[in-house]
Amino acid sequence: MTAAVDIKGWCPGARRPMPSGDGLIVRVRPHGGALQVAALRDLAEAAQRFGSGQIDLTRRANLQIRGVAAEGLAPLWELMASLALLDDSAEQEAIRNIVITPLAGLDPAELLDMRPIAATLETLLAADRSLHALPAKFGFALDGGGVLTLADLAADIRLVACVQRDQACVAVGVAGRDGVVWLGTTAVADAAAVAMQLARSMLQHSPTRRAAALPPEAIAALRAGPGLDALDAIAMVSAAAEPQQRRGAFALTEQACAVGFGAPFGRVDSDMLVRLAALLETYAVSEVRLSPWRTLYVAADHGHAEPLVAGAARLGLIVDDADPLMRIDACSGAGGCPSTSLAVRVHARLLAGAMARARFAGTLHVSGCAKGCARSAAADLVLIGDGRRYRIVRNGTVKSEPSGSLDPADLDMAGAGLFEAREKADV
């Protein structure tokens, strides 16, 4: 049996940082998922001055500055305020969980630029104090389509661009127990207001205040509610685009490319980001987009794309989707979290080599304990810290029943065997 774990239902913020093994974690929520390169450099330098110099890229397209000392909070807040990145209150910040398509406004293949809807939604959320009662993990996904969609991102409320009767509109869905439950469509101008109506409905009708717990009768009422038209283009919305290239350079237009820079385990250090900012400025890039794939994106001229890729690779960023590190989720481990004594990321890097040698194309989650902070979705292989050993789960999550165990001292010898179809009871 798996051990019971007390999983806290809140996330770090700036106004309400989270204690961890290496100090306070301060989350930075960029507006519209975008940062000026100069602001990225300022935050990186602040992470060195006021924290450990370690920065996480989160699955909600945010940054997390780690290891901040209590006395460093005030000057860090002052910097964030100067960059328009500090909310008025912890409650206002917590509800501003909005993820939009990373290339919004840059990708000619998108159906709709979601940035104006996101900006309106932010304003409405800030004005409605009743929604502060929503859980901190409650989130909105705004998907405009194009080469990088948000189809694989979990969200309570989903706004997706579609075409109905030859006119762009927004399909509206909520998280269900078995996937997205589509409610209907609305006009682009009304999309943010409809999302607000749905958020208020969660407080009234969901026992957990999360969309997935809405009872069937509540969903039926939402479908019949004001502001929604029948959805007759469901195939266009639910048949999400096949996974596209996410890292390295790929064309957007005849003149411009997008370039994706992945972070191993979602972690970068301040020096790496400062040097990346200098590289981007060399090639006249002024803005960086964040994404839920622990990858930063920029738009660049075709002639600058390859030098950017080569320069980022020298910095230690990942510019190739085939790199197994991008299919591994691993928590901070010993030193970064008091819940484990295991060197999780050291072990994950060893396993990345074994994945490559075994040509394993699946996903791996290495967790120092049974909380599973680095990944909530199922993975093909999961290692869960239990004292000084790992429990082994296949095709599941940290909550699944384990089928074996592994001593980290045996990783070199047992690594390849982990990626075969079955493993022994104990490896």
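Positions are given from 1, in the same order as the sequence printed here.
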Is any side-chain heavy atom of Leu214 closer than 4.5 Å to one of Met202? yes

Heavy-atom closest pair (Ile98 atom, Leu142 atom, distance to 0.1 Å) is CG2-CD1, 4.0 Å

Shortest non-hydrogen contact from Arg209 to Leu134? O-CD2, 3.8 Å

Just wondering, are more than 12 heavy atoms of other shown residues or ligands nearer than 6.0 Å to CD in Gln167? no

For Glu93, which of Arg15, Arg16, Arg29 qualifies under salt bridge (charged side-chain N to carboxylate O under 4.0 Å, His left out)? Arg29

Take atom CG of Asp178 as the centre, draw a 6.0 Å sphere, and report whether it contains more than 12 heavy atoms from other residues, nucleotides or ligands. no

Do Leu79 and Glu45 have side chains that get closer than 4.5 Å, going by heavy atoms? no

For Leu148, the option from Asp107, Asp143, Leu103, Leu106 that meets side-chain contact (heavy atoms from CB on, under 4.5 Å): Leu103

Is there a side-chain contact between Val194 and Val170 in this structure, where contact means two heavy atoms from C-beta onward sitting under 4.5 Å apart? no

Minimum heavy-atom distance between Ser20 and Pro338, given as atom pair plus value: C-CD, 4.2 Å

Would you give the length of the straight line joining atom CG of Asn97 to atom CD1 of Ile95, rounded to the nearest 0.5 angstrom? 6.5 Å

Does Ala343 have any side chain to side chain contact (heavy atoms under 4.5 Å, CB included) partners at least two apart in sequence or in another chain, and if so, which? Val346, His347

Closest approach of Pro108 and Thr253, non-hydrogen atoms and distance? CG-CG2, 3.6 Å

Distance alone, cut at 3.5 Å: any donor-acceptor contact between the side chains of Ser270 and Arg49? no

Would you say CD of Glu78 has more than 12 non-hydrogen atoms from neighbouring residues, nucleotides or ligands within 6.0 angstrom? no

Side chains of Thr149 and Thr101, heavy atoms from C-beta outward: is any pair under 4.5 Å? no

List in chain and number order the residues that pass salt bridge (charged side-chain N to carboxylate O under 4.0 Å, His left out) with Asp271, two or more places apart in sequence or in another chain; answer none if no residue qualifies. Arg275

Are Pro402 and Ile392 side-chain neighbours, meaning at least one heavy-atom pair lies under 4.5 Å? no

For Asp190, all residues meeting salt bridge (charged side-chain N to carboxylate O under 4.0 Å, His left out), sequence neighbours excluded: none

Tyr390 pairs by side-chain contact (heavy atoms from CB on, under 4.5 Å) with which of Leu418, Ile384, Leu383? Leu383

Whether over 12 other heavy atoms sit under 6.0 Å from Arg388 CZ: no

Taking side chain as C-beta onward, heavy atoms only, is Ser376 less than 4.5 Å from Thr397? no

Would you say Val268 and Leu317 make side-chain contact, with heavy atoms under 4.5 Å? yes

Heavy atoms, side chains only, cut-off 4.5 Å: are Phe265 and Arg349 in contact? yes

Ignoring hydrogens, what is the shortest heavy-atom contact between Met114 and Ala104? Give both atom names and the distance. N-CB, 4.4 Å

Restricting to non-hydrogen atoms, name the atom on Thr340 and the atom on Gly368 that form the minimum distance, rounded to 0.1 Å. OG1-O, 2.9 Å

Tell me yes or no: between the side chains of Arg247 and Thr295, is some donor less than 3.5 Å from an acceptor? yes

